[in-house]
2 protein chains.
Amino acid sequence: MVYNEKQMLNALHKHGYKVTPQRRVIIGVIMNSHEHLTPAALHERVLRLDPSVGLVTVYRTIEILTELGFICEMHAGGGSRSYLMRRPSEHHHHLICSDCGKVIDFTDCDLDKLEHRLAQENKFKIDSHLLEFLGQCRECNKKTLINVVTNQDKSVPSR
Amino acid sequence: MVYNEKQMLNALHKHGYKVTPQRRVIIGVIMNSHEHLTPAALHERVLRLDPSVGLVTVYRTIEILTELGFICEMHAGGGSRSYLMRRPSEHHHHLICSDCGKVIDFTDCDLDKLEHRLAQENKFKIDSHLLEFLGQCRECNKKTLINVVTNQDKSVPSR
DNA sequence: TTCTAATTGAAAAACATTTTCATTTGGCTT
DNA sequence: AAGCCAAATGAAAATGTTTTTCAATTAGAA
């Protein structure tokens, strides 16, 4: 299930948060982005629509939307640092291109059996899980192949 | 397979990195910690053994050890920020207590079928994956239960 | 022992995030 | 429609983390 803008604004209101112009703009940007955004990237886009919105407000709104479950943090695993921001959706996982950062969502993970076993063996009460696949998307893979052919493999010691 | 200290030092040498006293100490601390550490926590422990080692060197050593595959970053998911540092081991995943931060490793994940399907459907070349279960360990769960009984459930609006 | 590139610590810089605070404002109440 | 006030805002400062810079030191090959 994917939320729409109106539902999010309603939820804000219902939970006692005010529906301000700034929040409208921020939510609008999130809803119209089909990619993950860092707080800074989100702010940048918000500024195009309303140059007066401060980065702090973006952070505060992110916090609220996370709390309400409309957006979720994510991690680009591998080398890069923890990212956040995503258009709303239900329980899902990510398939991430470690070159260009493209993210594809998928929902089925079929980890119930494993979860159950781990919970028993370790006496854990398991609430949730995070599953991310890292790799290369088709386009980036093509580029890599071209580079391999073009340049010699000058295997430089990684420093 | 779990590495020992000597193997790590050898690997450093083999890859053209110098085996300095600082690196010895840092690796020693990692090898003797049975928990995950942030760079700051690692530095703190290193200081006890050698007060002259700088935080910068800790960061630089972390980078090298990550590159050589001896340690891996991890994410505590949920609220907290990206963590790092782990005693060496092979491909594994984490079961994390979101209350006390305890981490249990497990190695079997059985995601090959899913991985293969995702790769095909999305034209991805998948390199790796990250799987983390979040929950409450036995001890923290007990504490929670006691609290529920002790305090009334004063359901305060989460702000 | 000598030599040199790699390494180091300290300080500064670069970022990311949070806190503080005076001012403004959404939206309930009249 | 007007008043009110807690919530929200922007700017600046504070905090924290990670990276860069640089002069001095040092591991380890020759």
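Letters go in sequence order (proteins before strands), and every chain restarts at 1.
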Engineer: Would you please name every residue forming a ring-ring contact (aromatic ring centres under 6.0 Å, His included) with A:His43, sequence neighbours left out?
Structural biologist: none
Engineer: Rounded to whole Å, how long is the line connecting atom CZ of B:Arg23 with atom C1' of D:dT26?
Structural biologist: 12 Å
Engineer: Hey, are the side chains of B:Ile64 and B:Phe70 touching, using non-hydrogen atoms and a 4.5 Å cut-off?
Structural biologist: no
Engineer: Using the side-chain heavy atoms of B:Tyr59, tell me which of these nucleotides is nearest: C:dA6, D:dT19, C:dT17.
Structural biologist: D:dT19
Engineer: So, are A:Lys143 and A:Glu139 salt-bridged, with charged N and O less than 4.0 Å apart?
Structural biologist: no
Engineer: Would you mind reading off the distance between A:His15 atom NE2 and C:dG27 atom P, rounded to a whole angstrom?
Structural biologist: 15 Å
Engineer: After noting the C-alpha distance and the side-chain angles of A:Met8 and A:Asn4, does the key distance pass the side-chain contact (heavy atoms from CB on, under 4.5 Å) rule?
Structural biologist: CA-CA 7 Å; A:Met8 294 175 75; A:Asn4 64 37; over 6 Å; no
Engineer: From the list C:dG26, D:dT17, C:dT8, which nucleotide is the closest neighbour of the side chain of A:Pro21?
Structural biologist: C:dG26
Engineer: Can you tell if the side chain of B:Ile62 reaches within under 4.5 Å of the side chain of B:Ile26, non-hydrogen atoms only?
Structural biologist: no
Engineer: Between P on C:dT8 and CD1 on B:Ile26, what's the gap in Å once rounded to a whole number?
Structural biologist: 7 Å
Engineer: Any residue in residues 47-56 of chain A with a heavy atom nearer than 4.0 angstrom to DNA chain D? Just list them by number, or reply none.
Structural biologist: A:Ser52, A:Val53, A:Gly54, A:Val56
Engineer: Quick check against the 3.5 Å criterion: does B:Asn122 have a side-chain atom that pairs as donor or acceptor with the backbone of B:Leu118?
Structural biologist: yes
Engineer: At under 4.0 Å, does any side-chain N or O of B:Thr20 touch on OP1 or OP2 of C:dT8?
Structural biologist: yes
Engineer: How long is the line joining CD of B:Glu44 and C1' of D:dT17, in whole Å?
Structural biologist: 16 Å
Engineer: From the set D:dG10, D:dT17, C:dT25, return the single nucleotide nearest to any side-chain atom of A:Thr57.
Structural biologist: D:dG10
Engineer: I need the CD1-P distance between A:Ile64 and C:dT18, as an integer number of Å.
Structural biologist: 13 Å
Engineer: How close or far is atom C1' of D:dT17 from atom CD of B:Glu63, stated in whole angstroms?
Structural biologist: 15 Å
Engineer: In whole angstroms, how far is the C1' atom of D:dT18 from the NE2 atom of B:His43?
Structural biologist: 14 Å
Engineer: When you get a sec, tell me which of C:dT17, D:dG10, D:dA27 is the closest nucleotide to the side chain of A:Gln22?
Structural biologist: D:dG10
Engineer: So, is B:Arg60 close to the C:dT7 phosphate, meaning a side-chain N or O under 4.0 Å from OP1 or OP2?
Structural biologist: no
Engineer: If you group Ile, Leu, Val, Met, Phe, Trp and Tyr by side-chain heavy-atom gaps below 4.5 Å, do A:Ile30 and A:Leu47 land in one group?
Structural biologist: no
Engineer: For B:His13 and C:dT7, give me the distance from atom NE2 to atom P, rounded to whole Å.
Structural biologist: 11 Å
